[in-house]
Novice: 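Below you'll find the structure I mean.
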Amino acid sequence: MRSLNSKSNLKYFDGVHILSQLSKLSNYEFGSENFVSKACEPYPYEDSVANGGIDIYKGTGFCEILGQITGEGAGPFTIVPHWRCNGTDDFCSKLGPFVSDKEIKATDGSFKGVELSMQNVKCEQMPAQGNVSSARVAAVFRAVPPVENQYVMAMRSGPSNMTVAAEGIWKSSSGQLCMVGCLGLVDTDGSSCNSRVCLYIPMSFSIKQRSIIIGSFSSTSKINASYFPLSFEKLVRPTELWNYFRNSRPYYSYSKIEKAAIILEKNQPFSFQAVFKKSLLQFPKLEDTEAYITSLSLLAEDLTLHTSAFPDPFSGSQPTRTDFQMEILSLGPLFGRYWSSHNISSADGETPYHGLYDLHVGKMYLVGCRDVRASWNILFDSMDLEAGLDCLIEVVVSYPPTTSRWLVNPTARISISSQRNGDDPLHFSTVRLQTLPIMYRRQREDILSRRGVEGILRILTLSFAIACILSQLFYIKQDADSVPFISLVMLGVQALGYSLPLITGAEALFKRMSSESYETSSYDLEKNQWVHVIDYTVKLLVMVSFLLTLRLCQKVWKSRISFKTSRKPFRMEKYIDSAGNSRTLQEWETELEEYVGLVQDFFLLPQVIGNIMWQIDCKPLKELYFMGITFVRLLPHVYDYIRAPIPNPYFADEYEFVNPNVDFYSKFGDIAIPSTAILLAVAVYIQQRWNYEKLSQSLTVGQRRLLPMSSRMYQRLPSKSSEAELVSGVNGDAVLDSEHDNEE
């Protein structure tokens, strides 16, 4: 696109070229054999990897593995710093064949934050010739500067000075993929095709070789190369090995065992703490009931850490949080995770493994290799680097015990220290971290089983609650005169507590325990049919409890309406209303709505207040009802108090309403709330056992009464009333008003 205005016009702009590559679904025609031969003959090209002693993949599924490694969502490659470059600053700071911008040049050859994506990969398996299989491959390499968003860059398709289009051939005889690389827009003459790309899929891994794919860019010019060879890699994860090597056998070579033994001896002096740990505590270990290789895989899962960590000891009120990850790549003869015998790297898979993890004290002693991101000249001057890595690092990881977690802090502690001198530019201060509480596999399984146990307890408690409500319904048929003295606020609180789970899907009981489960655990539970049955049963019982409570409310309400003009106590309630007591109850009800769960535990409080105001001389509540419901409300607190403490490692302080250390979710709340609920039940029992006058006399201290004297206005009428008293209407209201005036 060009401007039609003259250059002197303010609307003039320079020519703009808009370019885009073809989509992934387009057909690619291989036809650059002359360019490929220029870069790759004689094949294979002799580079550092070909002569580096690394076993390379030479199977028949190269295209499949390459597609999985470079497919959508696979992530970019990492650029390796120029740790062996010895030249000018401009030469050693250049990003291979790519045109470096100021952000890349600022890394000074360390290429920190620079990434490389491999796009539009076309891999075509060729017919085998004898025992040798081959494939033709085409791709586009795009460099991503540190300040760019890698996901946005990955969606770009246009060629530029940050892209290299490549095409080449792979053969199983050497396992090398050799391609010619062309910078930016490629013309028919291939004038920009002066780079060579070599790529490998390793089969052997070690502390210095942790990449699932390694490669390099180099200049095809035999003299006066324009840039230093640029290496790239992609680190492997243990869980990915099964995807890549289904029919192959990768393995891991240990090379730092002797140095790790020195770290173990240095960090294992005799102490009473170590004796205590060995004698009383248990730490992650091999399972005796499982096959050996399976036990190794389960132990590797327990030793893997993905958690947040803080400086140890904490400094300041709000310590800085760090995301800490430690993947167990290899454990003894196990490499990756167990899925078949291909994981075993040694022939003698049943040989007992005595590694540098001490299962008696739960400590792991490691030699660490750090990916140093310093300038190229510092790296070149550091003559003790191994494959560009600083391996003079000691790592000690202390795991929490699997048992007796209430005696010891269930967190892991990590110490990372440098063995270099303090004046060495690669030296760093010792780092000590403490993680959030660790959750082992067995404890995660306990959470799953706990959900089932809690479901059964919910069914039992709800069934018992239904029986208590039914007993109250049968009881009010026998003693109809006491029905108006049942608190509607008390019943409303219970009805509200039963209705919320039906509306929101929350649990009716054991809500706090369910809130501590993992999302992943909930996902696993959803797959179990028996959990579905328990959940549906709980919902059905909650519905029955809700309907029965509404039925009880209805009977109390009707009883009050029918007694409104014929019974003096409810004339008294109107007097109380005019005195302003109903406003206090309304404010109290508002508080109940805000803390429904807590108020359900104190559901008898409205009844206690009503009994005092009404000065009752009857038994409106059956003992089985209010004592049984109290027991149902106390059971979650008792269960929560005595159950084994399993902390949630993803718990954060900002989640105020599920913090087990504050408010009524604390252990103190598990004692205080049941104690208060029991006192309320005892109060109701005493109020119904004694009449108001006897209770008032009992609560007299000296000449002072804690309760007001009884009044004729609060006394119940005899159960056998005259016909005139039972007549409703204007005349009845007039009689009651007259009596009310006389009393005043």
Side-chain angles (χ1 to χ4, degrees), residues 205 207 210 212 235-246 250-252 254 281-309 323-346 349-350 352-366 395-403 405 410-414 433 435-451 517-525 527-528 644 646-650:
F205 297 82
I207 193 172
R210 302 155 297 153
I212 191 64
L235 299 181
V236 67
R237 292 183 177 272
T239 55
E240 296 175 345
L241 291 174
W242 182 82
N243 294 331
Y244 301 149
F245 303 110
R246 299 179 182 177
Y251 63 94
Y252 187 89
Y254 294 93
L281 303 179
Q282 294 184 3
F283 296 87
K285 62 179 182 178
L286 295 175
E287 299 287 345
D288 298 331
T289 58
E290 302 286 349
Y292 177 66
I293 194 66
T294 305
S295 297
L296 284 175
S297 182
L298 296 176
L299 178 59
E301 180 182 345
D302 279 339
L303 298 179
T304 298
L305 296 178
H306 290 267
T307 182
S308 296
D323 290 331
F324 182 83
Q325 298 186 16
M326 189 176 79
E327 293 274 3
I328 304 299
L329 184 61
S330 180
L331 185 65
L334 175 72
F335 181 50
R337 292 291 185 270
Y338 172 69
W339 62 85
S340 68
S341 59
H342 294 305
N343 298 82
I344 304 176
S345 61
S346 63
E350 295 296 329
Y353 166 59
H354 302 285
L356 301 187
Y357 166 68
D358 190 344
L359 54 88
H360 299 292
V361 295
K363 283 192 174 183
M364 184 180 293
Y365 307 93
L366 304 165
V395 181
V396 179
V397 182
S398 300
Y399 290 89
T402 57
T403 57
R405 296 170 67 85
T411 60
R413 282 183 162 86
I414 303 100
L433 299 174
T435 69
L436 291 179
I438 300 299
M439 187 78 69
Y440 292 122
R441 177 180 52 87
R442 289 292 187 188
Q443 291 156 344
R444 292 194 294 268
E445 293 176 355
D446 288 343
I447 289 181
L448 300 181
S449 61
R450 174 177 295 170
R451 175 70 182 273
S517 299
Y518 295 97
E519 293 181 1
T520 53
S521 301
S522 301
Y523 172 76
D524 294 335
L525 286 168
K527 298 186 294 184
N528 297 328
I646 300 182
N648 190 337
Y650 298 100

Novice: Could you state the interatomic distance from CG (Leu235) to CZ (Phe205), rounded to the nearest 0.5 Å?
Specialist: 10.5 Å
Novice: Taking the side chain as every heavy atom from C-beta outward, state whether Ile293 and Leu334 have any atom pair closer than 4.5 Å.
Specialist: yes
Novice: Got a second to check how far Ile328's CD1 is from Thr304's OG1, nearest 0.5 Å?
Specialist: 5.0 Å
Novice: What's the shortest heavy-atom distance between Tyr440 and Pro401, and which atoms?
Specialist: CE1-O, 3.7 Å
Novice: Would you say Lys363 and Ser398 make side-chain contact, with heavy atoms under 4.5 Å?
Specialist: yes
Novice: Does Tyr399 use its side chain to pair, donor to acceptor, with the backbone of Phe283 at less than 3.5 Å?
Specialist: no
Novice: So, using side chain to side chain donor-acceptor pair (under 3.5 Å) as the criterion, who are the partners of Asp302 when residues are at least two apart?
Specialist: none
Novice: For Arg210, which residues count as a salt bridge (Lys or Arg N to Asp or Glu O under 4.0 Å) partner, sequence neighbours excluded?
Specialist: none
Novice: Can you measure from CG (Asp323) to NE2 (His306) and round to the nearest 0.5 angstrom?
Specialist: 11.0 Å
Novice: Enter the distance from Thr307:OG1 to Leu433:CG here, rounded to the nearest 0.5 Å.
Specialist: 10.5 Å
Novice: Could you grab the distance from atom CG of Leu299 to atom CD of Glu287, nearest 0.5 Å is fine?
Specialist: 8.5 Å
Novice: Residues two or more places apart in sequence or in another chain: which of them pass side chain to side chain donor-acceptor pair (under 3.5 Å) with Ser297?
Specialist: none
Novice: Is the side chain of Thr402 donor-acceptor paired with the backbone N or O of Pro284 at a distance under 3.5 Å, no angle test?
Specialist: no
Novice: Calculate, to the nearest 0.5 Å, the distance between atoms CD and CG belonging to Glu301 and Leu296 respectively.
Specialist: 13.0 Å
Novice: Could you tell me whether the side chain of His360 reaches within less than 4.5 Å of the side chain of Lys285, counting heavy atoms only?
Specialist: no
Novice: Under the side chain to side chain contact (heavy atoms under 4.5 Å, CB included) rule, collect the residues that match up with Leu329, sequence neighbours excluded.
Specialist: Val236, Pro238, Tyr252, Phe335
Novice: Using the side chain to side chain contact (heavy atoms under 4.5 Å, CB included) criterion, which residues pair with Ala412? Sequence neighbours excluded.
Specialist: Leu305, Pro400, Thr435, Ile438
